[in-house]
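First the structure, then my questions, so here it is.
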Number of protein chains: 2
Amino acid sequence: MQLKELSRQSGVSAASIKYYLREGLLPAGETVHATRAQYSARHVERLELIQALRRIVGLTIEQIGGLLRMADDGVPRLALLAAVQRVVLNLDSRATAGGGPGTPAADAVVRLRSWPDSPSDARNALNAHLELMESLNIPVSGELLDTYSKAMNDVAGLDIAATTAPESVDRLILTAAVGMHMHSQLLLKLLALAQASHAIRRYERDA
Amino acid sequence: MQLKELSRQSGVSAASIKYYLREGLLPAGETVHATRAQYSARHVERLELIQALRRIVGLTIEQIGGLLRMADDGVPRLALLAAVQRVVLNLDSRATAGGGPGTPAADAVVRLRSWPDSPSDARNALNAHLELMESLNIPVSGELLDTYSKAMNDVAGLDIAATTAPESVDRLILTAAVGMHMHSQLLLKLLALAQASHAIRRYERDA
DNA sequence: GCCTTAGGATAGAGCTACTATCCAATGCGT
DNA sequence: ACGCATTGGATAGTAGCTCTATCCTAAGGC
């Protein structure tokens, strides 16, 4: 199929497809002649992936490009999942310069939950975030971290258990990114409702 | 003090202050004469609040304006807190048209946790989100919701208990917004670490 | 042989949050 | 009294992002 047909099937405008080609999100079609290119079902799939990452997950073109380039370079799946996590869960605060000493609180959490103690984006992000909270004078008690981390441990156990390894790398990215986003948002919605409920009870009691 | 001094004390450029005045984020100073205005310590505080909401919490000018106008209109604190929650925790997906029938799953959660059963932004957002997940074919089991909501109930209990009512409304917004944002981000960082830990264990076992 | 399409380049549009410039009016220091 | 600095108001420009549109030449298909 050629550009116009690809546009029709994917629902993405021809101009946008050209833009994605320029930005390296979509591999070039097979050039038959200087002015004719063939696109395949893979291109349709790739476009659907791009749309989902843009519209549902809300990633930027640059972030999507990074993930897709990793996928095309054959990066191992675990590393790819870590990259997905980084962009979906915002682990790349500029403050996240890896390799710092680590906060005592984060170390305590990792020990308490007996999580594998290896440096990672998630670990660095946690350290950076705890330091940020400290610098803002927001207290983080051991009890709070304990409760939070226990809750997240329970949740993550279910999340990972529900994960089945998909066929293609593109689909791995799709399900991982969309799933992570939806689950984290679900968590925040439940948090909001729980907070509101507690707040109502408290205000009623005070009144 | 006049504009230049206000700019110096707050660290915000004079041009930006003018912009905030135009957008109604900052109340006009007391006009002494046609070309002279007096600003007070309240203006400095307000600017610090605006900066925190922009740079730390990442709200848009429009969202900040909405909150500040509510505060200036003397809206009750509980309603103000709900508004803060809405913008900080992203409860305003366009799909959140309140008053729908409600999903059975959400009803079940509310009953299970014995949360006050009143329609609210949080409740609507949860309903909309569950419907969205369903439309995307992402299964949400009762067990998952149970685990998630129990975790969030525990967490919210601590969050609310830690809240002390601040003096001024401006400070209420500041501590609520920054606190909510930092706590929700902390939760996501812990979720990331927990997921990564579970994933590593799983991949190791599979390998 | 003409119409359509590909690819490449470039420019514009719409959004957000500023930033800069220009202006007339006017107070303050000297 | 005079001029510099400052104010509010208006307007325009900038920068980053994601497209969208236009223009062009080359070339294949009917």
Side-chain angles (χ1 to χ4, degrees), chain A residues 1-40 43-44 46-69 87 90 92 94, chain B residues 1-40 43-44 46-69 87 90 92 94:
Chain A
M1 97 193 69
Q2 42 199 51
L3 213 162
K4 215 165 198 184
E5 173 65 10
L6 178 62
S7 164
R8 208 193 50 75
Q9 279 195 32
S10 62
V12 179
S13 77
S16 291
I17 293 178
K18 280 185 170 189
Y19 173 63
Y20 293 152
L21 285 166
R22 277 201 300 283
E23 298 297 318
L25 299 202
L26 194 64
E30 196 187 339
T31 306
V32 180
H33 299 292
T35 66
R36 219 41 47 123
Q38 282 297 319
Y39 299 98
S40 63
H43 289 89
V44 179
R46 178 56 72 96
L47 278 175
E48 280 161 5
L49 172 58
I50 293 170
Q51 292 295 300
L53 295 181
R54 278 282 313 131
R55 302 202 192 289
I56 303 178
V57 187
L59 301 186
T60 68
I61 295 295
E62 199 184 339
Q63 290 174 324
I64 297 173
L67 290 180
L68 295 183
R69 250 166 273 127
V87 291
N90 268 312
D92 32 288
R94 32 249 144 298
Chain B
M1 98 192 67
Q2 43 198 52
L3 214 164
K4 213 162 198 184
E5 173 66 9
L6 177 61
S7 166
R8 208 193 51 74
Q9 278 194 32
S10 62
V12 179
S13 77
S16 291
I17 293 178
K18 280 185 168 188
Y19 174 62
Y20 294 151
L21 285 166
R22 276 201 302 282
E23 297 298 318
L25 300 200
L26 194 63
E30 197 188 339
T31 305
V32 180
H33 300 292
T35 65
R36 217 43 48 120
Q38 282 296 319
Y39 300 97
S40 63
H43 289 88
V44 179
R46 179 55 70 96
L47 278 174
E48 279 161 6
L49 172 58
I50 293 171
Q51 292 294 300
L53 295 181
R54 279 281 314 130
R55 304 202 190 290
I56 302 179
V57 187
L59 301 185
T60 67
I61 295 296
E62 198 184 340
Q63 290 173 324
I64 297 173
L67 290 180
L68 296 183
R69 249 166 276 126
V87 291
N90 268 311
D92 32 287
R94 35 247 143 299

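All chains are named by letter (A, B, ...) in the order of the sequence lines, taking the proteins before the strands, and each is independently numbered beginning at 1.
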**Prompt:** Whole Å only: how far is the CG atom of A/Leu21 from the C1' atom of C/dG8?
**Reply:** 12 Å
**Message:** Measure CZ/A/Arg8 against P/C/dT5 and give the value in whole Å, please.
**Reply:** 13 Å
**Asked** Out of C/dC18, C/dT5, C/dG7, which nucleotide sits closest to the side chain of B/Tyr19?
**Response**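 Given the options C/dC18, C/dT5, C/dG7, the side chain of B/Tyr19 is closest to C/dC18.
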**Prompt:** In Å, rounded to the nearest 0.5 Å, how long is the span from CD of A/Gln51 to CD1 of A/Ile64?
**Reply:**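 With rounding to 0.5 Å, CD (A/Gln51) is 8.5 Å from CD1 (A/Ile64).
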**Item:** A/Leu25 versus A/Ile61, closest heavy-atom pair with distance
**Value:**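 Scanning both residues completely, I find the closest heavy atoms to be CD2-O, 3.8 Å.
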**Item:** Main-chain N/O of A/Met1 paired to A/Gln38 side chain as donor or acceptor, under 3.5 Å
**Value:** yes
**Prompt:** Do side-chain atoms of B/Thr31 reach the backbone of B/Ala37 as a donor and acceptor pair under 3.5 angstrom?
**Reply:**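 Answer holds: no.
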**Message:** Using whole Å, what does the distance between atom C1' of nucleotide D/dT18 and atom CD1 of A/Ile17 come to?
**Reply:** 15 Å
**Prompt:** Once you round it to whole Å, what is the distance between C1' of C/dG7 and CG of A/Leu6?
**Reply:** 15 Å
**Request:** Identify which nucleotide among C/dT26, C/dC18, C/dA20 has an atom closest to any side-chain atom of B/Ala15, counting heavy atoms from C-beta outward.
**Result:** C/dA20
**Message:** Given 3.5 Å as the limit, does a donor-acceptor pair link the side chain of A/Arg36 with the main chain of A/Gln2, or not?
**Reply:** no
**Asked** To the nearest angstrom, how far is B/Ile64 atom CD1 from C/dA17 atom P?
**Response**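 Between P of C/dA17 and CD1 of B/Ile64: 8 Å.
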**Prompt:** Would you say a side-chain N or O of B/Ser16 is under 4.0 Å from OP1 or OP2 of C/dT19?
**Reply:** yes
**Message:** Nearest whole Å is fine: how far is D/dT7 P from B/Arg22 CZ?
**Reply:** 15 Å
**Message:** Taking any heavy-atom pair under 4.0 Å as a contact, classify A/Lys18: base, sugar-phosphate, or nothing.
**Reply:**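 Touches a base.
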**Request:** Report yes if a side-chain nitrogen or oxygen of A/Arg54 is closer than 4.0 Å to either non-bridging phosphate oxygen (OP1 or OP2) of D/dT18; otherwise report no.
**Result:** yes
**Request:** Side chain of A/Gln2 only, please: which of C/dA25, D/dC19, C/dA6 is the nearest?
**Result:**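 So the nucleotide nearest the side chain must be C/dA6.
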**Complete:** By nearest-nucleotide position on DNA chain D, the 5'-leaning member of B/Thr31 and A/Gln51 is B/Thr31
**Item:** B/Thr60 side-chain proximity, nearest of D/dG8, C/dA17, C/dT5
**Value:** C/dA17
**Request:** Measure from the side chain of B/His33, starting at C-beta and using heavy atoms only, and say which of C/dA6, D/dC19, C/dG27 lies closest.
**Result:**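 Of the options given, the side chain of B/His33 lies nearest C/dG27.
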**Item:** Nearest-angstrom distance from the residue atom OH of B/Tyr20 to P of C/dT19
**Value:**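 One finds 8 Å between P of C/dT19 and OH of B/Tyr20, rounded.
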**Message:** Nearest whole Å is fine: how far is C/dA9 C1' from A/Glu23 CD?
**Reply:**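 Taking CD of A/Glu23 and C1' of C/dA9, I get 14 Å after rounding.
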**Asked** If you find the nucleotide of DNA chain C closest to A/Tyr39 and the one closest to B/Ser13, which residue's nucleotide is nearer the 5' end?
**Response**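 The residue whose closest nucleotide sits nearer the 5' end is A/Tyr39.
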